[in-house]
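Right, one structure below, let's go through it.
Note that the numbering runs from 1 along the sequence shown for the chain.
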Amino acid sequence: MAPRIDIVTIFPDYFQPLELSLIGKAQADGVVEIAVHDLRQFTDDVHRTVDDTPYGGGAGMVMSPEPWGRALDSVLGEDSVLVVPTPAGEVFRQSVAREFVETPHLVFACGRYEGIDHRVVEYYRDRVSVREMSIGDYVLGGGEVATLVMLEAVIRLVPGVVGNPESLVEESHELPGVEYPNYTKPASWRGLDVPEVLLSGHHDKIRQWREDQSAERTKKNRPDLLD
Ligand code: ADE
């Protein structure tokens with residue numbers, strides 16, 4: 001079944017990159033179906049207001065529950081997973097990408113400002129599976145870029161999207177650590193030579209070299225993965 005993806009945002013233009021490259025082709029081939037919805041279409045005042053001041057005080061604005069309720073009622077089905085990008089969410093990892101690719105319908109709710117009134121998450125939690133997701137320990141201006149990141153990670157796992165499925169296996173975060181370095185032609189560039197072993201055609205030695213490189217890189221760049 002082709003995964004269906006709905007995105008609700010006040011900035012639909014953020015999602016133009018989904019027309020490009022692998023994801024653009026996947027859409028054109030009907031392998032995935034993506035629809036972007038403007039939250040402001042679900043407002044009911046002339047100013048198309050989507051936010052208000054926070055209860056309890058504090059800086060910034062909070063997105064109002066009413067337009068979100070109308071928008072999500074219109075896109076969610078019984079089997080949907082509602083993904084809410086937020087720096088307060090669980091960390092998005094390759095394992096989550098593998099879970100999401102098995103989901104027939106993903107709905108991304110992109111908040112801006114100080115986020116969405118929390119009752120929206122509470123309300124839909126009783127109705128569908130809700131995943132509050134963070135793409136890392138930093139604060140973005142909103143959920144749009146985080147949604148693009150997650151979609152790119154998920155959609156390349158859809159069968160048929162990446163030409164050679166083997167390239168999905170031997171890469172960082174599918175291995176125990178991070179991936180070994182890769183090289184292509186020319187064999188010599190600006191005085192730097194491709195490691196000899198890679199030119200040897202000796203498959204066992206190449207496999208061993210790659211394992212060693214992967215271990216070394218993991219130790220240097222991502223010691224947290226070794227714990
Ligand atoms: N919105 C703002 N910052 C974010 C982050 N780090 N991850 C997901 N959504 C966000």
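Of the inter-residue distances, the one linking Thr218 atom OG1 with Glu216 atom CD reads 10.0 Å to the nearest 0.5 angstrom. Here OG of Ser129 is found 8.5 Å from CD of Glu99. Values are rounded to the nearest 0.5 Å. For the atom pair CG of Leu151 and CZ of Arg156, the computed distance is 13.5 Å after rounding to the nearest 0.5 Å. Atom CG of Asp79 is separated from atom CG of Leu106 by 11.5 Å, given to the nearest 0.5 angstrom. Summarising the geometry, atom CE belonging to Met150 is positioned 11.5 Å from atom CD1 belonging to Ile5; distances are rounded to the nearest 0.5 Å. Here SG of Cys110 is found 11.0 Å from CG of Leu140. Values are rounded to the nearest 0.5 Å.
With Thr103 contributing its side chain and His105 its backbone, the two residues share no donor-acceptor pair below 3.5 Å. The backbone N or O of Leu82 sits nowhere less than 3.5 Å from a side-chain atom of Ser80 that would complete a donor-acceptor pair. Between the side chain of Ser21 and the backbone N or O of Ile23, no donor-acceptor pair lies under 3.5 Å.
With sequence neighbours excluded, the residues satisfying side-chain contact (heavy atoms from CB on, under 4.5 Å) with Lys219 are Leu226.
Applying the salt bridge (Lys or Arg N to Asp or Glu O under 4.0 Å) test to residues at least two apart or on different chains, the pairs with a partner in residues 11-30 are Lys25-Asp29. Residue pairs meeting the salt bridge (Lys or Arg N to Asp or Glu O under 4.0 Å) criterion with at least one partner in residues 41-63, sequence neighbours excluded, are Asp44-Arg70. Here side-chain hydrogen bond (donor to acceptor under 3.5 Å, both in side chains) pairs that include residues 135-151, with residues two or more places apart or in two chains, are Thr9-Glu144, Arg112-Glu144. Judged as a side-chain hydrogen bond (donor to acceptor under 3.5 Å, both in side chains), the pairs with a partner in residues 178-187 (not counting sequence neighbours) are, in order, Glu170-Tyr180.
Of the charged side-chain nitrogens involved, none lies within less than 4.0 Å of a carboxylate oxygen, so that Asp38 and Arg40 do not count as a salt-bridged pair.
Taking both residues in full, the closest heavy atoms of Gly201 and Ile206 are given as N-CD1, 4.2 Å, listed atom of the first, atom of the second, then distance. Nearest heavy-atom pair across Ile135 and Val149 is CD1-CG2, 3.9 Å. The nearest pair of heavy atoms linking Val50 to Pro67 is CA-CG, 4.4 Å. Between Gly111 and Met63, the shortest heavy-atom distance links the atoms CA-SD, 3.6 Å. Contact detail for Pro85 and Ala146: the closest heavy-atom pair is CB-CB, 3.9 Å. Residues Gly60 and Pro54 come closest through the heavy atom pair O-CD, 3.2 Å.
At least one side-chain heavy atom of His37 sits under 4.5 Å from a side-chain heavy atom of Asp6. Under the 4.5 Å side-chain criterion, counting only non-hydrogen atoms from C-beta, Leu157 is in contact with Gln94. Leu18 has its side chain within reach of Ile7: a pair of non-hydrogen atoms, C-beta onward, lies under 4.5 Å apart.
The hydrophobic cluster containing Trp189 does not contain Val194, counting ILVMFWY residues as joined when their side-chain heavy atoms lie under 4.5 angstrom apart, directly or transitively. Cluster annotation: Tyr124 and Phe42 are assigned to distinct hydrophobic clusters (Ile/Leu/Val/Met/Phe/Trp/Tyr, side-chain heavy-atom contacts under 4.5 Å, transitive). Neither Val84 nor Val62 shares a network with the other; the hydrophobic side chains, linked directly or stepwise wherever heavy atoms of I, L, V, M, F, W or Y lie under 4.5 Å apart, form separate groups for each.
The 12-atom threshold is not exceeded at CD of Glu152, counting heavy atoms of other residues, nucleotides or ligands nearer than 6.0 Å. When the shell of 6.0 Å around CZ of Arg119 is examined, it contains 12 or fewer heavy atoms from other residues, nucleotides or ligands.
Through direct or relayed side-chain contacts under 4.5 Å between Ile, Leu, Val, Met, Phe, Trp and Tyr, Val178 connects to Leu225.
A cation-pi arrangement is absent between Arg125 and Tyr123, since the terminal nitrogen or guanidinium carbon is not both under 6.0 Å from the aromatic centre and inside a 45° cone about the axis.
Counting only N and O atoms by type, the side chains of Gln208 and Asp212 include a donor and acceptor under 3.5 Å apart.
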